[in-house]
There are 2 protein chains.
Amino acid sequence: MKPKLTLKKIAKELDVSISTVSKALRDSSEIGEETRAKIKAFAKHYNYKPNNIALSLKNRKTKTIGIIIPEIVHHFFTTVISGVEKVANEMGYNVLVCLSDNSFDKEVLNMEMLANGSTDGFILSLAKETMQKGDYHHLAEVINQGMPCVLFDRVAEDISCDKVIIDDVTGGKKAVQYLIDIGCRKIALISTVDYVSVGKLRTHGYKQALAENGININEDLILKIEEMEDSEKEIEAFLKERDVDGVFAVNEHFAISAVKSIHDQGKKVPDDVSVIGFTDGELSKRFIPSLTTVSQHGMRMGEESARLLIEKLERTPSEDDYYKTIIVETGLVVRDSTKSRK
Amino acid sequence: MKPKLTLKKIAKELDVSISTVSKALRDSSEIGEETRAKIKAFAKHYNYKPNNIALSLKNRKTKTIGIIIPEIVHHFFTTVISGVEKVANEMGYNVLVCLSDNSFDKEVLNMEMLANGSTDGFILSLAKETMQKGDYHHLAEVINQGMPCVLFDRVAEDISCDKVIIDDVTGGKKAVQYLIDIGCRKIALISTVDYVSVGKLRTHGYKQALAENGININEDLILKIEEMEDSEKEIEAFLKERDVDGVFAVNEHFAISAVKSIHDQGKKVPDDVSVIGFTDGELSKRFIPSLTTVSQHGMRMGEESARLLIEKLERTPSEDDYYKTIIVETGLVVRDSTKSRK
DNA sequence: TTTCAACACGAAAACGTTTTCGTTCCAGTA
DNA sequence: TACTGGAACGAAAACGTTTTCGTGTTGAAA
């Protein structure tokens, strides 16, 4: 087991000073041709690599970006990570991943850990509990300390930082418009409680689409789910009582539960009822019938977030600064859970 | 925007020396009651937190563990990360996630990046390309430098380090035994090419189960898939030509493709053909019919890996060292893709 | 009154870099 | 000969900690 090579050791070995070694390796013109060659040869031979920690301390930057997400066992978030990782790596950054488990306290703890020098900036999506509480002091604090932050997907209006979101309203609208186009008139909505911003916005899109097509909004056809745990039973109970020919669900799970309970009632998807979900994941693709969904382009969101963050990191903060919000467009992926267009 | 508070600034502000501040904050008995209280109050009030980077440099450890996985958009790996993250956080460690994209070069690059001080140790699962090449010099190198490593799932025999694996042979055997128990006799195997160790081992289990039950092994019923991309078509073609009553697939995707093509042929799952997959994910659970699978307990594997690594990190390396291999047992989750037991 | 602990605190080194500012030496010029 | 200027290199500070080893002051014992 050989310990790591350092500048000091090279210097001692070659009988020059530490500064000479450092300069030689960075191709400084201050160092004579001969010594430079000798040092570089030695370093190469013994595979010298500068110590990142020392560099971080010196340069006051870590070349690491922290990403905090509510949960990782969730297709959408993994695609986002994947996107972040991709551009981060291209730009020479590492990615430190933390999980908030949808808990406010863990989110705060994670931020505090990473804010003390471990990262140069943050990319995060808020925990459900955080959104519910509306307490963003931890964010305000790190931003105030000069750490760039990018919020994605689950964002908060009142935080001033860069944001990457999808147009949930338009996404929802698109889905419902499609249902209308293929002939549905009695369209149910399965959404989440309103403090989850995306649920609220997609609900908004649902209502807009109906209104624009002169279909009146029947609040009885709207289900708002609080707890993931009981969603399956709730959806089943909800659909059993109602006569619908279309369902728009704000995520994959709800959509699939809907399909299941429709089947259980002896009806067919898509012949009797068409179903559209949100967030295009493996599940939607592989399900039988495969699900028509509004695709969220997590990878793109991750890439945009990383680009935004790194851009801010790499320029002097003195330049005229303003915060951007990037809206990643949604797409509609048509599969087998909807009737074909007439 | 206020810059971070440091010991030096506190010292200057309170007109004491840096060392006094440091000692006071660490409750050293060297410092008088009064000054200590004053310093602690000041630090608390202005929310002083020591700089992690400086600590890392001083202590020569980062309290960070690196995890390198082939791909993140894969349920099994995310559950592993989740497990690692959980115990790492409990023990005060951060997790640096890198993706190899199944590429040898990216794996090497990632390890080099992290090995230069960013990380105290590694947890990794080998890239497919790496296993194919059989080139593990990058691993040998970091281990040789005294960095502890834990390999999980996709491991290499010839690397001496801690390992966390599942008993793939027994897992495969269990599945096939179950198929036999419910009356299947013509059991197909859909596996991967042999250099992926798990594919090889599960195939082994398949053969063992057949042999033990006096069913002779028909190589024509074994399909080995190289490329994920074309798997669906390959499986379809394979199954169309063969008369089977049971299928054991070495992952979720293959299992689902199998179910699909069986359906397409007008046969029923599970009435005509029973199907068992490997790796229990969201997909298996939500699929219709839900899949009977061998569950791999990714979370457990992540937890065990992290525990193993941290244990090694936190004791002096001088103690009698040897490498452990933890075998996480598999379970069989019976769902709707298999006939009920007679 | 002298001597010696005990106490309370500070100076400095160390971790591994980069960078600024000398310093030395020698060739070339006046 | 004396001076200038550049080339080649080294010393030291700095990043923010922790820790070892002083050092000065006090009070009590001799």
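Remember, predicted model here, so these are calculated numbers, not experimental data. So that the names make sense, note that chain A is the first sequence line, chain B the second, and so on, each numbered from 1.
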Mutual orientation of the aromatic rings belonging to A:F42 and A:Y46 [parallel < 30°, tilted 30-60°, perpendicular > 60°]
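Rings of A:F42 and A:Y46: tilted, as their planes differ by 30° to 60°.
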Donor-acceptor contact present, side-chain B:S305 to main-chain B:M301, <3.5 Å
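It does hold such a pair.
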Is a donor on one side and an acceptor on the other found under 3.5 Å between the side chain of B:N51 and the backbone of B:I53?
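Side chain of B:N51 to backbone of B:I53: a pair is present.
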Expected string for nucleotides 11-16 of chain D under the B/S/- scheme (protein heavy atoms, under 4.0 Å, primed atoms plus P, OP1, OP2 as sugar-phosphate) is BB-BBB
Nearest-angstrom distance from the residue atom [atom1] of [X] to [atom2] of [N]:
{"X": "B:L14", "N": "C:dG10", "atom1": "CG", "atom2": "C1'", "result": "15 Å"}
{"X": "B:I10", "N": "D:dT17", "atom1": "CD1", "atom2": "P", "result": "8 Å"}
{"X": "A:E34", "N": "D:dA8", "atom1": "CD", "atom2": "C1'", "result": "12 Å"}
{"X": "B:I39", "N": "C:dA8", "atom1": "CD1", "atom2": "P", "result": "13 Å"}
{"X": "B:E30", "N": "D:dG22", "atom1": "CD", "atom2": "P", "result": "14 Å"}
{"X": "B:D27", "N": "C:dC9", "atom1": "CG", "atom2": "P", "result": "14 Å"}

Could you pull out all donor-acceptor pairs under 3.5 Å where a side-chain atom in residues 143-159 of chain A meets a protein atom, sequence neighbours excluded?
residue: A:D153; atom: OD1; partner: A:Q296; partner atom: NE2; Å: 3.2
residue: A:R154; atom: NH1; partner: A:N102; partner atom: OD1; Å: 3.2
residue: A:R154; atom: NH1; partner: A:L126; partner atom: O; Å: 3.1

Ring pair (Phe, Tyr, Trp, His ring centres under 6.0 Å) with B:Y48: which residues, sequence neighbours excluded?
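Residues passing ring pair (Phe, Tyr, Trp, His ring centres under 6.0 Å) with B:Y48: none at all.
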Base, sugar-phosphate, or nothing: which does A:T35 touch, judged by heavy atoms less than 4.0 Å apart?
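Sugar-phosphate only.
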Look at atom NE2 of B:H137 and say whether more than 12 heavy atoms of other residues, nucleotides or ligands are closer to it than 6.0 Å.
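Buried by this count: over 12 neighbours within 6.0 Å.
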